[in-house]
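To keep things clear, I will list the structure first and then write my remarks on it.
Note that the structure is predicted; figures quoted are calculated from it, not measured.
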Amino acid sequence: MCTVASKSMPAASSHRFSWIAALGALAMFAFAHQASAENKTVKFDAWSCQPGTVTITFTMPGNNPVPHDIVIPHAMTAEEKAAFIVADLKFWDPAGTYEASGSRVSMLKDARMTVEASSGTTQEAKDILSCAAPGNAVCTFTGQFNPFDVNQQPAIFTAGIVTDVGELTARVSAQELNFQTDGPIICQALFQRLAPRAPQYGAQINYAGDRLEVYFDPAYTVTQGGVIFGTTSPSPGCSGGVELSPLGGETCGEGAQLNAVCKNGGATVIGKLKNATPGAAVTFTLDDGQPVDKTVNDRGKAKAKYTGQPLGRHTVRVCDLSASC
């Protein structure tokens with residue numbers, strides 16, 4: 001189970017998707033009853049916030065994301081927000097298991113899921129999304145951000161990781177960025193602060209334009225692993241996401257490698273697997289969807305090709321491997 005938690009913050013500071021409640025509840029019910037997968041607790045630790053919309057999104061491999069918007073009607077402390085989020089999730093998904101403890105929201109979910117939390121327009125300075133023994137994770141800053149908070153002070157942008165070693169957090173202000181606050185510039189500045197120290201925490205961080213991709217060493221995330229994210233800017237676009245388990249918990253064989261190739265600006269994507277176990281049945285996915293089943297040939301290779309894709313960056317996954325281009 002993964003948990004989201006909130007923390008109190010100074011008074012001067014105030015951190016993607018939505019369906020109707022009935023449809024969302026039915027989708028969640030379907031997730032809960034898919035066959036025999038292990039469940040995990042997801043933790044969401046949340047900071048206090050201003051009025052706005054928080055979005056929690058659940059994605060199963062091969063399925064479309066199931067997002068849920070939670071409208072925060074007024075400024076709240078971290079503890080109040082956690083309780084409010086749980087009450088809303090329980091109404092939306094009556095079959096689900098959600099609990100609030102202080103500033104933390106705990107959610108019991110199918111371990112095959114990816115869970116994403118977006119702070120929307122609530123100006124949450126620091127949220128944490130984590131679970132035990134996660135797969136990969138991501139921290140995203142999408143779009144152009146207002147460089148000032150509600151008090152007309154330079155906005156702060158936060159990213160980081162949490163593992164069994166502890167928390168590694170970096171912050172950068174709009175002023176340090178010369179008020180150039182589009183996503184890739186924010187991510188690059190945060191990457192420069194985080195990447196050199198991440199290996200000490202059992203992680204590697206990859207700069208991927210408007211997001212930071214985090215890859216964990218499982219030896220360092222036995223009890224917890226996840227991402228820290230937030231901004232005091234009132235603009236939407238800041239989020240964190242965690243794979244609850246390494247994809248499918250499956251391996252393609254010792255020494256297997258995956259490479260992703262993007263052509264024509266990302267319109268065509270090719271995933272190439274090599275050094276895999278001959279004869280193994282594997283499933284490629286693109287951006288956590290579009291599953292393609294393949295059989296590894298006698299040379300240990302398999303390939304999946306996707307055409308007609310949106311321009312931009314893409315991620316190919318197979319077994320417990322992922323590669324972006």
Side-chain angles (χ1 to χ4, degrees), residues 1-6 15-32 34 37 39-46 49 52-72 81-82 84-86 88-93 95-98 105-122 124 127-131 134-143 183 210-214 226-231 236-245 247 285-290 310 313-315 317 322:
M1 181 178 190
C2 291
T3 305
V4 179
S6 300
H15 187 347
R16 155 177 54 123
F17 318 117
S18 174
W19 288 354
I20 61 174
L23 180 59
L26 286 172
M28 294 300 294
F29 181 85
F31 278 167
Q34 291 196 27
N39 290 327
K40 274 192 175 183
T41 298
V42 183
K43 305 172 186 177
F44 177 63
D45 297 274
C49 65
T53 300
V54 172
T55 303
I56 308 293
T57 302
F58 305 98
T59 307
M60 287 287 289
N63 289 277
N64 292 324
V66 179
H68 178 57
D69 287 343
I70 302 169
V71 179
I72 306 295
K81 186 175 72 172
F84 188 90
I85 289 174
V86 166
D88 188 287
L89 287 170
K90 285 183 175 179
F91 179 81
W92 175 64
D93 175 28
T97 300
Y98 306 97
V105 175
S106 296
M107 302 175 278
L108 186 65
K109 292 297 168 191
D110 187 311
R112 294 169 294 182
M113 278 187 184
T114 294
V115 177
E116 179 186 5
S118 171
S119 59
T121 57
T122 57
E124 297 163 31
D127 290 338
I128 304 174
L129 185 65
S130 66
C131 65
N136 302 325
V138 64
C139 181
T140 304
F141 289 87
T142 302
D210 64 357
R211 68 184 186 272
L212 300 177
E213 299 171 340
V214 183
V227 287
I228 301 167
F229 57 99
T231 181
C238 177
S239 64
V242 175
E243 295 175 356
L244 302 200
S245 296
L247 190 62
T285 62
L286 180 65
D287 301 329
D288 295 320
Q290 307 181 57
R313 193 172 179 84
H314 298 283
T315 299
R317 304 182 195 277
S322 67

> How many angstroms lie between atom OG of Ser245 and atom CG of Asn39, to the nearest 0.5 angstrom?
Replying inline: 10.0 Å
>> To the closest 0.5 Å, what do you measure between NE2 (His68) and CD1 (Ile85)?
In response: 9.5 Å
> About how many Å separate CZ of Phe58 and CG of Asn64, when rounded to the nearest 0.5 Å?
Replying inline: 15.5 Å
> Is the closest side-chain heavy-atom distance between Trp92 and Ile70 below 4.5 Å?
Replying inline: no
>> Is the shortest side-chain heavy-atom distance between Val227 and Val138 below 4.5 Å?
In response: no
> Which pair of heavy atoms, one from Ile228 and one from Ile128, lies closest together, and at what distance?
Replying inline: CG1-CG1, 3.9 Å
> Looking at side-chain heavy atoms only, is the closest gap between Arg313 and Asp210 below 4.5 Å?
Replying inline: no
> Does the side chain of Ser322 pick up a donor-acceptor pair with the side chain of Asn136 at under 3.5 Å?
Replying inline: yes
> Can you name the closest pair of heavy atoms from Val242 and Pro134 and give their distance?
Replying inline: CG1-CB, 3.8 Å
>> What verdict does the side chain to side chain contact (heavy atoms under 4.5 Å, CB included) test give for Glu116 and Thr59, after you've listed the backbone C-alpha separation in whole Å, the side-chain angles of each residue and the deciding distance to 0.1 Å?
In response: CA-CA 8 Å; Glu116 179 186 5; Thr59 307; over 6 Å; no
> Any side-chain heavy atom of Glu213 sitting closer than 4.5 Å to one from Thr315?
Replying inline: yes
> What is the minimum heavy-atom distance between Thr231 and Cys238, and which atoms define it?
Replying inline: CG2-CB, 4.0 Å
> Of the non-hydrogen atoms in Cys49 and Ile72, which two are nearest, and what is the gap between them?
Replying inline: SG-CG2, 3.8 Å
>> Let's go through Leu129 and Phe229 carefully: what are the C-alpha distance in whole Å and the side-chain angles of both, what is the deciding distance for side chain to side chain contact (heavy atoms under 4.5 Å, CB included) to 0.1 Å, and is it a yes or a no?
In response: CA-CA 8 Å; Leu129 185 65; Phe229 57 99; 4.0 Å; yes
> Mind checking whether Met107 and Asp93 have side chains closer than 4.5 Å, heavy atoms only?
Replying inline: no
>> Checking Thr142 now: which residues fulfil side chain to side chain donor-acceptor pair (under 3.5 Å) with it, not counting sequence neighbours?
In response: none
> Which pair of heavy atoms, one from Ile56 and one from Ala117, lies closest together, and at what distance?
Replying inline: CD1-CB, 3.9 Å
> When Glu243 is tested against each of Arg317, Arg112, Lys109 for salt bridge (charged side-chain N to carboxylate O under 4.0 Å, His left out), which residue passes?
Replying inline: Arg317
>> I'd like to know whether Thr57 forms a side chain to side chain contact (heavy atoms under 4.5 Å, CB included) with Val66, so could you lay out the CA-CA distance, the side-chain angles of the two residues, the decisive distance to 0.1 Å, and finally the verdict.
In response: CA-CA 5 Å; Thr57 302; Val66 179; 5.9 Å; no
